[in-house]
Amino acid sequence: MNEASTARETSMGTEDRGGHRLILPEDGYEWRKYGQKFIKNIGKTRSYFKCHKENCNAKKRVEWSESEPDNIRVVYDGVHTHALSAAVSASSTGTSNANQYNLLNQVFGDQSTSTRQHRS
DNA sequence: CGCCTTTGACCCGCGC
DNA sequence: GCGCGGGTCAAAGGCG
């Protein structure tokens, strides 16, 4: 099923920066971080990701609290123009990954029903 | 060598 | 009308 690790799961997924541990839910698509800012309005850090594909206008927004890296909010904008590589399915093989996958399922289940699609 | 990531600054829109 | 916030772009550096 999973042939190639499309995403940089090997390198990314768990970002260890200075002493902070952030668990970014891997969706199986490739993303390119094009910005990061701290939103004081919600007191959280927001990271901006864009689909790596040129024909793909899908965008991803991730926000997490500095005190609660376990509680992350992922928001998807737009739709993918290319099929998914099924890198997430690889989690089935990794039992330990199931733990992380659980969080992913929780986050996804919150918005998988309405992938925000409105722009000013 | 190529590619990706990170930070800063700038810009625009909306609210009051 | 002005201010602030949020969002995006650009460039540079580092690493594989």
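Convention: sequence-line order gives letters A, B, ...; per-chain numbering from 1.
Comparing A/Lys40 and A/Lys50 by the nucleotide of DNA chain C whose heavy atom lies nearest to each, the residue mapping closer to the 5' end is A/Lys40.
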Exercise. So A/Asn57 and A/Lys59, side-chain contact (heavy atoms from CB on, under 4.5 Å) or not? Walk me through it.
Worked result: CA-CA 6 Å; A/Asn57 45 264; A/Lys59 287 193 280 203; over 6 Å; no
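A/Lys60 approaches A/Pro25 most closely through the heavy-atom pair NZ-O, 3.7 Å.
Applying the 4.0 Å criterion to OP1 and OP2 of C/dG7, one finds that A/Arg46 has a side-chain N or O inside that range. Close to B/dC3, at under 4.0 Å from its OP1 or OP2, lies no side-chain N or O of A/His52. Distances shorter than 4.0 Å separate none of the side-chain N or O atoms of A/Lys33 from OP1 or OP2 on B/dC4.
Out of B/dC4, B/dT5, C/dG7, the shortest distance to the side chain of A/Arg32 is found at B/dT5. Between B/dT5, C/dG5, C/dT8, one nucleotide has an atom nearer to the side chain of A/Asn41 than all others, and that is C/dG5.
Atoms CZ (A/Phe49) and P (B/dC4) sit 14 Å apart, rounded to a whole Å. When rounded to the nearest whole Å, the span between CG of A/Asp77 and P of C/dG7 equals 10 Å. Rounded to whole angstrom, the span from the CD1 atom of A/Ile39 across to the P atom of C/dT8 amounts to 10 Å. In this entry the distance linking OH of A/Tyr48 with P of C/dG6 reads 8 Å, nearest Å. In this structure, the NZ atom of A/Lys53 is 18 Å from the C1' atom of B/dC4, given to the nearest Å. Rounded to whole Å, atom P of C/dA11 lies 18 Å from atom OH of A/Tyr34. Look at CZ on A/Phe38: it is 10 Å from P on C/dG6, rounded to the nearest Å.
Within the hydrophobic cluster formed by Ile, Leu, Val, Met, Phe, Trp and Tyr side chains joined at under 4.5 Å, directly or through other members, A/Ile39 is accompanied by A/Tyr34, A/Ile42, A/Tyr48.
The pair A/Asp77-A/Arg61 meets the salt-bridge criterion, with a side-chain N (NZ, NE, NH1 or NH2) lying under 4.0 Å from an Asp/Glu carboxylate O.
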